[in-house]
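Have a look at the structure below, then the notes.
Atoms considered below: every heavy atom in the structure, side chains included; atoms not considered: hydrogens, waters and symmetry mates.
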Amino acid sequence: MLLKVRDGLSNKITRRSFSKAAVGAAAWLTATWRNVAYAKNVGAAKAPINRQALDTRHNVVQTAFDIKSPLSVGNGEFAFSADVTGLQTFTSEYASGMPLGTMTQWGFHTAPNPQGYSLEKFPLTNLDTGGRQVGYLYYEDKKSPPEWGPAAGYLYANPSRLNLGRVAMVLRGTDGREAQLSDLTEIRQELNLWTGCLVSEFKFSGQPVRVLSTSHPHNDQLAVRITSPLIASGQLCVLLAFPYGSSQFGGDGSEWKHPEAHQTILTRTSKNRADFARRLDSDHYHAALEWSDNGTLSEDGPHRFHLCGGVGSTALEFTIAFAPSAVPANLPETDGVVSAAEAMWADFWTNGAAIDLSESRDPRWRELERRIVLSQYLTRIQSAGSLPPQETGLTCNSWFGKFHLEMHWWHAAHFALWGRHDLLERSLPFYERILPKAQAQAKKQGYEGARWPKCVGPEGDPAPTYLECFLIWQQPHPIAYAELCYRANPGAKILAKYQEIVFETAKFMASFAVWDEKREQYRIGPPLADAAELYFEDHKHQWNPTFEVAYWRWGLETGQSWRQRLRLDRDPKWDHVITHLPPLATRDGLYVAAETATGTFTDPGLNTSHPCLLAPLGILDGAMADPNIMRSTLLRVMQNWDWKNTWGWDYPMMAMTAARVGEGEKAIEALLMSTTKNTYLTNGHNFQMQHVLPLYLPGNGGLLYAAAMMAAGWDGAPKRHAPGFPNDGGWSVRWEGLQVAP
């Protein structure tokens, strides 16, 4: 009977048609059913975890402005980041902290190209590769011919992700002076994680202002409700402004100095609706604004529009939508968007996994749990779209808004362990779409299969750089994604869906390995860039990096497992590579970065960047690693590493290694280490560096993967509860719905 009730509620959740009361009932019944039906997937659960209490105790509450911690609403395809007003009122101030963007997966801009720069025309650099000359898309300022620079710069910067529009408040005092951030008083802003609604309250000029902001769960739409006496006096209006595309590496994706470079065509379709046709060079998109009956829209200069309330009005509501083509004829009202958002978030929080640490005696539980909960929210709105995410998601730009495929694992692999493999699968069609290009690149360089690029835009095209054409650790990733999806949902359907991606990836990996006749072993490289990116000035003399060698074995062995599941014979070439890879490089009883880079712990400046020498027994299953050597290596890293040059995902990587070698306390220390690059801001974002990377979603995703593994375990883990956590009695780890890691 309980199963039937739960199924009925799930159907209602899917249809987004229930009341708020039903949302709460669905949450309770879903959690109860999960514990009954999936007892084997519940860790030390005395009773169902109260999901709503777990999430809402980490609602983000701010009582002062913090330019490093704007708050965002979104759905994976669209996100809107707001300052303390709930809109984008103080963009200049926040630009020096964390910029405020309105971004989508489809919103890119390509600058004019009068010189006709193209990848096909860019000169290749030929390097010896396994005894033959291979051309690489390489450019380095100090080494390449200077005349290559303009083309390389253009190709790297285009296309760039676009800020689709600024939605702000225009606040003026009784003297007509526009408000400054410091003029706001009695600030209270709360992001309700359970509903996805952001409520911002403050006073200006002695009058209260309340703003509700939320995103539609499926469409690129923002709904806003503002209540304040300032609306009636004309001191509060809403600004909608459209920018040109930015050519900057980072920032909010906006350029405001050249209004003549783009077009905004306004069409008033009713007294409460306006449509905007946008054109930027050869790119175009659409926007629409619908507002409550008391509002009036007026133009305020090129690409700028004011929405103001009527005389006597104390409330103003509107919904704004963005689309690559026509916007729907009817937009939902604010209440409709709020209800839809509440339904989506209730579904998200109740149907995924959960970790509750609140019964722990160790005082660190609250901060770790906060990071876990907020990272789930942030990766859901920033990293669960139809494209691999950029490192700064849909908040602001980095690398011109492009995405790094070696980082895709860190962004999204965790979804599969948290019972949400469907969110990982949303971005995997990208690999199917660019497969012909990856196959062509492999063939052009004399390899079989598909060679995946590193940093690309939506079309999957790389650009000439000093590093990217040599990086290889992204190559096995698609096999890892497919395997995670299969483990979460085993069956013929998944095997058929990803078979080609797995096999084409494995074909390249096998053909990339070079046979060394003297040693009777395969060699990985040269040329290559290792995952730590330490030796990028000497690609020609680097080979057998520790992580990549282990990942090559894991990827090919997993590819063979897929062949066997499909009732195919093992590929003899893949087996030959697997059994003839070199051992992982060591020195003085410790693993080191590579066979050609053994000075990790002895040479100045090499104990820095990513400690990827830990990955073979941490991220990976340790098939090539000695646990005792890896434990010693971990302890040396944690004792003597240059933390200022690390990155956010290094800390969960260390935690995974610590968990697998039985060092649970070290795992916690790694996740909560007090360093700049392991800082988690009030809004939950993993901070890295001002202006360049004010947030870093690979850190959030890595944290979630590590936490899931520590709680639910991994293949071959010790047979005890929460095997990756300290076994000292200080931690109470209750979890539901997690999957065991590979």
- Message: Applying side chain to side chain contact (heavy atoms under 4.5 Å, CB included) to Ser427 and Leu387, what does each step give before you reach the verdict?
- Response: CA-CA 5 Å; Ser427 56; Leu387 291 176; 5.9 Å; no

Note, [X] side chain near [Y] side chain (heavy atom, < 4.5 Å):
X      : Y      : value
Val84  : Phe202 : no
Leu316 : Leu307 : yes
Trp291 : Glu317 : no
Asp83  : Leu100 : yes
Phe318 : Val167 : yes
Ser358 : Trp365 : yes
Val199 : Gln189 : no
Leu239 : Met169 : no

[X] side, atom [atom1]; [Y] side, atom [atom2] - distance, nearest 0.5 Å:
X      : Y      : atom1 : atom2 : result
Ser72  : Ile381 : OG    : CD1   : 5.0 Å
Leu378 : Leu394 : CG    : CG    : 11.5 Å
Ser81  : Met103 : OG    : CE    : 8.5 Å
Thr314 : Gln207 : OG1   : CD    : 11.5 Å
Arg268 : Leu266 : CZ    : CG    : 5.0 Å
Gln248 : Ser398 : CD    : OG    : 13.5 Å

Should the pair [X]-[Y] be classified as a salt bridge under the 4.0 Å nitrogen-to-oxygen rule?
X      : Y      : value
Glu190 : Arg188 : yes
Asp252 : Arg166 : no
Arg172 : Asp183 : no
Glu367 : Arg370 : yes
Arg51  : Glu736 : yes

- Item | Residue pairs fulfilling salt bridge (charged side-chain N to carboxylate O under 4.0 Å, His left out) with at least one residue in residues 302-313, sequence neighbours excluded | Asp300-Arg304

For the side chain of [X] and the backbone of [Y], is there at least one donor-acceptor N/O pair under 3.5 Å apart?
X      : Y      : result
Thr392 : Thr395 : no
Gln390 : Gly393 : yes
Asn163 : Gly101 : no
Asn683 : Pro70  : yes
Ser228 : Pro208 : yes
Asn294 : Ala315 : yes
Glu201 : Ile187 : no
Glu77  : Ser386 : yes
Lys402 : Pro458 : no
Arg371 : Asn700 : no

Have [X] and [Y] got a donor and an acceptor in their side chains that come within less than 3.5 Å?
X      : Y      : value
Thr89  : Thr85  : yes
Gln235 : Ser233 : yes
Trp106 : Asp220 : yes
Asp281 : His109 : yes
Ser215 : Gln221 : no
His685 : Ser69  : no

- Message: The test is salt bridge (charged side-chain N to carboxylate O under 4.0 Å, His left out); show your working for Arg57 and Glu369 and say whether it passes.
- Response: CA-CA 10 Å; Arg57 66 173 166 255; Glu369 189 184 88; 2.7 Å; yes

Taking every non-hydrogen atom, the tightest pair across [X] and [Y]:
X      : Y      : result
Ser213 : Leu87  : OG-CD2, 4.4 Å
Asn686 : Thr679 : ND2-O, 3.1 Å
Phe305 : Glu299 : CE2-CG, 3.5 Å
Ser383 : Leu697 : OG-CD1, 4.0 Å
Leu357 : Ile372 : CD1-CD1, 4.5 Å
Gly86  : Phe80  : O-CE2, 3.8 Å

- Message: Whether Lys677 engages the ring of Phe687 as a cation-pi pair (distance to the six-membered ring centre under 6.0 angstrom, angle to the ring normal within 45°) should be assessed.
- Response: no

- Query: Centres of the Phe322 and Phe276 rings: under 6.0 Å?
  - Reply: no

- Task: Would you please indicate yes or no on a ring centroid separation below 6.0 angstrom for Phe403 and His411?
- Result: no

- In terms of the angle between their ring planes, are Trp399 and His404 parallel, tilted or perpendicular, with boundaries placed at 30° and 60°? perpendicular

- Hey, what's the ring geometry for His262 with His303, parallel, tilted or perpendicular (30° and 60° as the breaks)? parallel

- Apply the test ring-ring contact (aromatic ring centres under 6.0 Å, His included) to residues Tyr377 and Phe348: give CA-CA distance (whole Å), side-chain angles for both, the deciding distance (0.1 Å), then the verdict. CA-CA 9 Å; Tyr377 176 83; Phe348 174 78; 8.3 Å; no

- Message: Assess the residue pair Leu162 and Tyr285 against the criterion (side chain to side chain contact (heavy atoms under 4.5 Å, CB included)); give the C-alpha distance rounded to whole Å, side-chain angles, the decisive distance to 0.1 Å, and a yes or no.
- Response: CA-CA 11 Å; Leu162 176 67; Tyr285 68 96; 3.7 Å; yes

- Run the numbers on Asp275 and Arg273 for salt bridge (charged side-chain N to carboxylate O under 4.0 Å, His left out), then give the verdict. CA-CA 7 Å; Asp275 285 76; Arg273 170 155 175 152; 2.8 Å; yes

- Task: Let me see the working for Arg278 and Asp283 under salt bridge (charged side-chain N to carboxylate O under 4.0 Å, His left out), right down to the final yes or no.
- Result: CA-CA 8 Å; Arg278 295 276 295 135; Asp283 300 304; over 6 Å; no

- Task: Could you go through the ring-ring contact (aromatic ring centres under 6.0 Å, His included) check for Tyr680 and Tyr696 one step at a time?
- Result: CA-CA 10 Å; Tyr680 281 72; Tyr696 192 63; over 10 Å; no

